[in-house]
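Have a look at the structure below, then the notes.
Worth knowing before you read on, the calculation uses all heavy atoms, side chains too, and leaves out hydrogens, waters and symmetry mates.
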Amino acid sequence: MEFVELKKHLKTQKPNACYMCYGDDDFLVDRAVALLIALAGEPKPFNCVDKEFERGSELIDELMQLPVMSEYRVVVARGKPDMTAVSDYLKAPSSTSVLVLPFYTPHDSWNKASVPAVPSGATPVDCNRLPLNHVVPFVTTLAAKTNAQFDSSAIKTLYDRCGGYMTRIDSETQKLAVLKAGGSVTADDVTSHVKADTEFVVFELCDSILAGNSARALDVVDGMAKNNDLVAAFTLIYNRFRKLFAAAVDPDGLSGLGVKPYQAQKLKAESSKFSKARLKKILDMLENADYGYKTGATTVYDALTCFVAQAAYGRNM
């Protein structure tokens with residue numbers, strides 16, 4: 001089940017025994033959990049438990065209690081609950097309890113988090129980053145509170161600079177809506193007031209390298225030095241070029257790197273524009289740069305600058 005389907009599901013159907021909310025957008029995971037907690041009626045302290053459970057037996061005890069003056073009791077099991085106990089419980093769950101299992105997945109550039117191991121009887125709720133078309137009405141509604149309006153290019157720029165993550169989109173929309181209360185927010189406004197997410201900047205940097213635009217690539221690095229985590233950038237850059245190289249050498253092996261089918265098609269098309277030798281050379285340069293700063297031979301900034309200059313300049317290799 002997609003996150004956007006959850007609200008309608010809860011309004012039109014009897015809730016399921018268990019929901020596993022997973023994905024790389026913490027904002028969406030929290031919103032999904034909040035929608036499920038709303039099933040618990042007052043008095044909330046008696047009908048909703050939200051905590052980490054040290055023992056599986058403790059979790060099951062909470063699930064088997066009856067709700068107080070409410071149709072449902074909601075139990076949110078944080079952390080790493082005993083999944084064996086959960087699986088056993090779901091074989092004969094309480095009809096008045098709803099178990100919620102939130103799983104926050106670390107961000108991974110250009111990939112959605114895969115579905116975790118879901119016990120039989122649990123309903124997975126996909127809380128990965130939303131596509132742009134679902135973000136547009138959210139931004140429009142939020143901006144309307146100050147009578148501000150975002151044009152379509154502004155929303156697209158905001159989405160890209162925030163990496164598609166709703167936590168930042170939410171806060172940056174509110175900021176821009178206040179700054180431009182009663183007026184229009186343009187793409188230039190977004191560029192001026194919203195710092196680009198590291199993932200977005202890395203995507204732009206990699207494109208500049210592959211296009212052989214060394215001047216632009218070095219400008220991006222200078223901007224990253226002021227606003228982004230350069231160590232994290234190294235990892236993101238390596239991940240992208242590794243997948244591009246894999247797409248060129250062994251396209252069928254992309255699934256082993258966690259790449260979804262629709263993303264694999266994009267990587268195959270992009271990698272076909274470059275020689276395997278060039279992509280391998282870029283990976284070798286990255287490994288040398290990474291080794292240099294980790295051993296203290298150079299700073300992170302100098303290592304990244306040298307790599308970018310060499311990789312972009314060598315567009316014809």
Legend entry - Leu6 side chain reached by Leu10 side chain, heavy atoms, under 4.5 Å: yes

Inset, instruction - Taking atom CD of Glu287 as the centre, report whether more than 12 heavy atoms of other residues, nucleotides or ligands fall under 6.0 Å from it. - result: yes

Inset, instruction - Say whether, by atom type as modelled, one donor and one acceptor occur between the side chain of Ser271 and the main chain of Lys268 under 3.5 angstrom. - result: yes

Legend entry - Transitive ILVMFWY side-chain link Leu283 to Val231, under 4.5 Å: yes

Inset, instruction - Could you walk me through whether Leu28 and Tyr165 pass the side-chain contact (heavy atoms from CB on, under 4.5 Å) test, one step at a time? - result: CA-CA 9 Å; Leu28 296 182; Tyr165 294 111; over 6 Å; no

Please set out all donor-acceptor pairs under 3.5 angstrom arising from side-chain atoms of residues 11-18, sequence neighbours excluded.
| residue | atom | partner | partner atom | Å |
| --- | --- | --- | --- | --- |
| Thr12 | OG1 | Lys8 | O | 2.8 |
| Asn16 | ND2 | Thr123 | OG1 | 2.8 |

Inset, instruction - Please answer: with hydrophobic residues joined when any side-chain heavy atoms are less than 4.5 Å apart, are Val139 and Val178 in the same cluster? - result: no

Legend entry - Lys175 atom NZ, over 12 foreign heavy atoms within 6.0 Å: yes

Inset, instruction - Only counting residues at least two apart or in another chain, list the ones meeting side-chain hydrogen bond (donor to acceptor under 3.5 Å, both in side chains) with Arg216. - result: Glu204

Inset, instruction - Report yes if the side chains of Ser184 and Asp151 come closer than 4.5 Å at any heavy-atom pair, otherwise no. - result: no

Legend entry - Leu99 side, atom CG; Leu90 side, atom CG - distance, nearest 0.5 Å: 6.5 Å

Legend entry - Pair Thr305-Asp302, side-chain donor/acceptor within less than 3.5 Å: no

Legend entry - side-chain contact (heavy atoms from CB on, under 4.5 Å) evaluation trace for Asn128 with Tyr22: CA-CA 7 Å; Asn128 282 299; Tyr22 74 94; 3.9 Å; yes

Legend entry - Side chains of Val100 and Cys21 in contact at under 4.5 Å (non-hydrogen atoms): yes

Inset, instruction - Would you please indicate yes or no on a ring centroid separation below 6.0 angstrom for His134 and Tyr159? - result: no

Legend entry - Heavy atoms from other residues, nucleotides or ligands near CD of Gln149 exceed 12 (cutoff 6.0 Å): no

Inset, instruction - Would you check if Tyr19 and Leu101 make a side-chain contact, meaning some heavy-atom pair closer than 4.5 Å? - result: no

Legend entry - Atom pair OG/CD of Ser214 and Gln310 - distance to nearest 0.5 Å: 12.0 Å

Legend entry - Nearest heavy-atom neighbours spanning Ala181 and Ala148: CA-CB, 4.5 Å

Legend entry - Joint cluster assignment, Met285 & Tyr291, ILVMFWY side-chain distance < 4.5 Å: no

Legend entry - Straight-line distance of Leu142 CG to Lys145 NZ, nearest 0.5 Å: 5.5 Å

Inset, instruction - Check whether any side-chain heavy atom of His9 lies under 4.5 Å from a side-chain heavy atom of Glu2, and answer yes or no. - result: no

Inset, instruction - Please tell me if the side chains of Leu279 and Ser275 come closer than 4.5 Å, counting only heavy atoms from C-beta onward. - result: no

Please tabulate, for the side chains in residues 29-51, all donor-acceptor contacts under 3.5 angstrom to protein atoms that are two or more places apart in sequence or on a different chain.
| residue | atom | partner | partner atom | Å |
| --- | --- | --- | --- | --- |
| Asp30 | OD1 | Tyr104 | OH | 2.5 |
| Glu42 | OE1 | Lys44 | N | 2.9 |
| Lys44 | NZ | Ala40 | O | 2.4 |
| Asn47 | OD1 | Val68 | N | 2.7 |
| Asn47 | ND2 | Gly41 | O | 2.9 |
| Asn47 | ND2 | Pro43 | O | 3.3 |
| Asn47 | ND2 | Val68 | O | 3.0 |
| Asp50 | OD1 | Arg78 | NE | 2.8 |
| Asp50 | OD2 | Arg78 | NH2 | 3.1 |
| Lys51 | NZ | Glu58 | OE2 | 2.7 |

Legend entry - Closest non-hydrogen atom pair between Ala311 and Arg278, with its separation: O-NH2, 3.4 Å

Inset, instruction - Report yes if the distance between the aromatic ring centroids of Phe234 and Tyr293 is under 6.0 Å, otherwise no. - result: yes

Inset, instruction - Could you tell me whether the side chain of Leu132 reaches within less than 4.5 Å of the side chain of Lys156, counting heavy atoms only? - result: yes

Legend entry - Minimum heavy-atom distance between Ala154 and Val190, given as atom pair plus value: O-CG2, 3.6 Å

Inset, instruction - With sequence neighbours left out, write down each residue that passes side-chain hydrogen bond (donor to acceptor under 3.5 Å, both in side chains) with Tyr301, or none if nothing qualifies. - result: Asp222

Legend entry - Minimal non-hydrogen separation, Ile282 against Phe307, with atom names: O-CE1, 3.7 Å

Inset, instruction - Spell out, as yes or no, whether a donor-acceptor pair under 3.5 Å connects the side chain of Arg242 to the backbone of Ile237. - result: no

Inset, instruction - Would you check if the side chain of Arg168 reaches a backbone N or O of Cys162 as a donor-acceptor pair within less than 3.5 Å? - result: no

Inset, instruction - Start with the C-alpha gap between Gln65 and Asp61, add the side-chain angles, then the distance that decides, and say whether side chain to side chain donor-acceptor pair (under 3.5 Å) holds. - result: CA-CA 7 Å; Gln65 290 188 38; Asp61 287 344; over 6 Å; no

Inset, instruction - Answer whether the closest heavy-atom distance between the side chains of Tyr89 and Leu63 falls below 4.5 Å. - result: yes

Inset, instruction - Considering only NZ, NE, NH1 and NH2 on the basic side and carboxylate oxygens on the acidic side, decide whether Arg240 and Asp207 come within less than 4.0 Å. - result: yes

Legend entry - Nearest-0.5 Å distance, CG of residue Asn239 to CG of residue Leu244: 11.0 Å

Legend entry - Test side chain to side chain contact (heavy atoms under 4.5 Å, CB included) applied to Ser97 and Met64, Glu62, Arg73, the passing residue: Arg73

Legend entry - Smallest separation among heavy atoms of Ala85 and Ile60, with atom names: O-CD1, 3.7 Å

Legend entry - Approximate separation, where rounding is to 0.5 Å, of Leu230 CG and Thr235 OG1: 11.5 Å

Legend entry - Verdict with reasoning, Leu179 to His193, per side-chain contact (heavy atoms from CB on, under 4.5 Å): CA-CA 10 Å; Leu179 289 173; His193 296 290; 4.0 Å; yes

Inset, instruction - Search all heavy atoms of Ser95 against all heavy atoms of Tyr72 and return the closest pair with its distance. - result: O-CE2, 3.8 Å

Inset, instruction - Flag yes if Val75 and Leu66 sit in one hydrophobic cluster, no otherwise; membership is Ile, Leu, Val, Met, Phe, Trp, Tyr, and two members link when side-chain heavy atoms are under 4.5 Å apart. - result: no

Legend entry - Inter- and intrachain pairs under salt bridge (charged side-chain N to carboxylate O under 4.0 Å, His left out), touching residues 85-105, at least two apart: Asp88-Lys91

Inset, instruction - Just jot down the side-chain hydrogen bond (donor to acceptor under 3.5 Å, both in side chains) partners of Thr186, sequence neighbours excluded, or say none. - result: Asp189

Legend entry - Check: Arg129 side chain, Gly163 main-chain N or O, donor-acceptor pair, under 3.5 Å: yes

